[in-house]
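Structure record follows, encoded as structure tokens.
Treat the numbers as computed from the prediction; the structure is a model and nothing was measured.
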Amino acid sequence: MHKAIALAKKGLGKTHPNPCVGAIVVKNKKVIGQGFHLKAGQEHAEIIALKQAGNKARNAELYVTLEPCTHQGKTPPCVDSIINAGISRVIIGAKDPNPLVNGRGIKKLVEAGINVNFDIMSSQCEDINKGFMKRMKKGQPFIRSKIACSFDGRTSLKNSDSQWISSSASRQDVQYWRSISSAIITGVGTINKDNPQLNLRPLQNNIQPLRIILDTNLSINLAAKILSQANVLIFYHDDPLGVKDILEKKGIRLIQSKITNDRIDLNAVMDSCCDLELNDILIEAGPTLNGEFLKAQLIDELVIYQAPILMAGEAAGLFNQPVLETMKNKIHLEHSDIRNFANDIRYVTKIHYHHVD
């Protein structure tokens, strides 16, 4: 299963809206076939592994990180191919929470007389597909926020200057997080202040993540670099400046959204992202939008690059919201990975909103 997980990870950032899956066919303790899902619409990992194994697959074992599918999608059901190949035992990492599968794959394999073991290294297998799992179970994408800050927890000076806080090594590492994301979210304030492109460099597989901009009143600078790119979506509420047609002629997709407290309603945005089948979303924004996401308890994970510098008085912090009234309401973090990039420290940390002391 360790090998199957390693194979599955080769599909990170390439398979959405599908999950990443790895599969290995073993006979007489030797690997006779292996594969991983590379792109939605292409063959699933099990099929690739079975084709490699060929006739040797009869009476062999199949290790697969996610429960095989039973439904006809862009490709035929994998369970039928597994049964027809004569596999005698299937070892499954995690159950597939997709309502179209959700135990049906296991049931059909057992009914065909195949020995099935499941929940083998399930937490590691689920961890590969945090976004897919959350979208299927809760109807929301997995949200992580990337933030660069100083040693004293500041993200920009009083005059908004923030380039550059982190090292070039840290900025290069950001490309990894962009590469595994279905979409990147930012606010119009960040676009108008920093004029970022928020693109994947170098471009991989000719696919840029969807860039999502939250812009309540369509106040975006029409000369912004990001507007010259493909795969850009703006959530807005009103168009007082009459620029909607100009943006659409530039090829920008627009979705009108409701507002809460004069801001785009983030839960409505998440519902739309789920409708768009977005699994993993990366926030690259300032303390205002990050704070709104934190206040709404929508951020699942933080990726913090802390640089060995001080930015001192009146510099902006990481989150403007929520405003806590008591230390009993403090938000707890759980570090899952800490490492250095040049002199910066990168923290990957989970957020626990309902921690009990």
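In the displayed structure, Asn84 atom CG is contacted under 6.0 Å by more than 12 heavy atoms of other residues, nucleotides or ligands. The 12-atom threshold is exceeded at NZ of Lys193, counting heavy atoms of other residues, nucleotides or ligands nearer than 6.0 Å. Residue-environment remark: CG (Asp262) stays at or below the threshold of 12 foreign heavy atoms within 6.0 Å.
For Asp245, there are no side-chain hydrogen bond (donor to acceptor under 3.5 Å, both in side chains) partners two or more places apart in sequence or in a different chain.
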Residue pair Asn320, Thr288: steps toward the side chain to side chain donor-acceptor pair (under 3.5 Å) verdict: CA-CA 5 Å; Asn320 289 346; Thr288 298; 3.1 Å; yes

Check against side chain to side chain donor-acceptor pair (under 3.5 Å), Asp152 and Ser150: CA-CA 5 Å; Asp152 50 348; Ser150 61; 2.4 Å; yes

side-chain contact (heavy atoms from CB on, under 4.5 Å) evaluation trace for Gln140 with Leu298: CA-CA 9 Å; Gln140 287 187 340; Leu298 291 172; 3.7 Å; yes

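Taking 4.0 Å as the cut-off between side-chain N and carboxylate O, Lys95 and Glu67 do not count as a salt-bridged pair. A salt bridge links Asp173 with Arg346: at least one charged nitrogen is closer than 4.0 Å to a carboxylate oxygen. We find that Asp96 and Arg104 are not joined by a salt bridge, their nearest charged nitrogen and carboxylate oxygen being 4.0 Å or further apart.
Screening Lys56, Lys29, Arg89, Lys30 against Glu61 for a salt bridge (Lys or Arg N to Asp or Glu O under 4.0 Å) leaves a single residue, Arg89.
Counting all heavy atoms, side chain and backbone alike, Gln208 lies closest to Asn231 at O-ND2, 2.7 Å. Contact between Ser122 and Ala94 at its shortest, heavy atoms only, is O-CB, 4.1 Å.
Side-chain atoms of Asp344 do not come within 3.5 Å of backbone N or O of Ser166 as any donor-acceptor pair.
Annotation: cation-pi pair Arg171/Trp164 present, NZ/CZ under 6.0 Å from the ring centroid and within 45° of its normal.
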